[in-house]
Amino acid sequence: MSNYNPQPEHKFTFGLWTVGNIGRDPFGNPTRQPLSPEYIVYKLAQLGAYGVNLHDNDLIPIDATKAERDKILRNFKKALRDSGLVVPMATTNLFADPVFKDGAFTNANAKIRAYAIQKTMHAMDLGAELGAKIYVFWGGREGAEVDAGMNTLDALAYYREALNFLAEYSEAQGYGYKFALEPKPNEPRGDIYLPVVGAALGFIATLDKPHLFGLNPEFAHETMAGLNFVHAVAQAIDAGKLFHIDLNDQKMGRFDQDLRFGAENLKAAFFLVKLLEDSGYQGPRHFDAHALRTEDEAGVWEFARGCMRTYLILKEKARQFNQDKEIQALIKAYKVQDAELSKLTRKFSKRNAEALKARKFNRGMLAERGPGLERLDQLTVELLMGVR
Ligand code: GCO
Ligand code: MN
Ligand code: MN
């Protein structure tokens, strides 16, 4: 693995919309030509990716006729067959069309809510036809700039209704989807509902079929909110809810930058890769990012190669970290063990509680010891800088 060449077994995926990003921003026109879905599929396969993901309208224009849809789908499926790429995840574009300007599932207009559910059923049909087993809900327009109109409790009730409906639809059709909610604090809405991983986890518990729902956390999104993405992912894993992941990078507190994985917060990227690898996460490693607007097509493929290469380099660094004798000795010393006390605190019983209450602790002595984090962190940094 020393050449860090991506292979399908690494399960790297990209969205059609990521490498296909044409470099439009709120202030400027596109800087790149659109690439056809088939071309993207062949290029990604050449680079060693495992799969490609899509919104319904990345592939099928929103106004396509049945005949147009069938033709596009035939060509796309041929590209998948020829290249060996798979489609593990599908999703719905519920944000681009002006009809969704005030929300889709949470729109105040019952007609628009119904249309959003209808559009999602069609998109689920499409995803299932392409073999997708993970279905992402990114509620980009589910939010508000002002709270005068929508009562947030109503919005949450509408959201729940839609997700419950669609979960039943998936089961009735035998699609076997696992649904992954993707939280984001803001952009394009001033405030988006279910803004962070914890909020989505709490909401899932209120759904009819919570076991079908999990998370699709994105590096950039928690980071925009100034939160620790690695901690958020750990919480999703701990809850058995990490169904998918959007890898990219981001400066804290900025607009959604969707930078190349590892471009900005290398240390956080390292601990994220280590968490994913150590925890045995089996899902796709999806890069939801795009090349800088400054780049031409060559830059796009450099970007894609870079995301995968950085992941593999960090995976190798995680392996080194786990095998580094000095680092592991410091971690061992950091985690002070006490078998007798752990036995008391592991599970409540009257006896344990009484024994614990009777114990004398030397608080002063306990507080005196430095846990050695400066050395441990410096060794981590040196390992990452390649001098260990
Ligand atoms: C964003 C989002 C989107 C979603 C995508 C899939 O950039 O704000 O991450 O890219 O991931 O629409 O639902
Ligand atoms: Mn994003
Ligand atoms: Mn995303």
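Ligands are counted one by one from 1 in listed order, and the atoms in each one are counted from 1 as well.
- Applying the 6.0 Å contact sphere to CZ of Phe165 captures no more than 12 heavy atoms from other residues, nucleotides or ligands.
- Cation-pi contact between Arg141 and Phe100: absent, since separation from the ring centre below 6.0 Å together with deviation from the ring axis within 45° is not met.
- Tyr177 and Tyr135 have perpendicular rings, their planes meeting at more than 60° on a 0 to 90° scale where under 30° would count as parallel.
- Ring orientation note: the planes of Phe137 and Phe105 are nearly perpendicular, at an angle over 60° on the 30°/60° scale.
- Distances from the Mn ion (ligand 2) under 2.8 Å pick out these protein N/O/S atoms: Glu218 OE2, His221 NE2, Asp256 OD2, Asp258 OD1.
- Atom OE2 is the N/O/S atom of Glu182 found closest to the Mn ion (ligand 3).
- Without hydrogens or angle criteria, Asp246 side chain to Pro217 main chain gives no donor-acceptor distance under 3.5 Å.
- The pair Glu277-Arg319 does not meet the salt-bridge criterion, since no charged nitrogen lies less than 4.0 angstrom from a carboxylate oxygen.
- Judged by distance alone, with hydrogens and angles left aside, the side-chain atoms of Glu145 form a donor-acceptor pair with the main-chain N or O of Gly190 at under 3.5 Å.
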Legend entry - Criterion salt bridge (charged side-chain N to carboxylate O under 4.0 Å, His left out) on Glu302 and Arg305, from CA distance to verdict: CA-CA 5 Å; Glu302 275 310 315; Arg305 211 178 277 120; 2.7 Å; yes
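- When each of Tyr50, Phe261, Tyr311 is tested with Phe12 by the rule ring-ring contact (aromatic ring centres under 6.0 Å, His included), just one qualifies, namely Tyr311.
- For the pair Arg285 (side chain) and Lys11 (backbone), a donor-acceptor distance under 3.5 Å is absent.
- In this structure, ligand 1 sits under 4.0 Å from heavy atoms belonging to Trp17, His55, Thr91, Phe95, Val136, Trp138, Glu182, Lys184, Glu218, His221, Asp246, Asp256, Asp258, Asp288.
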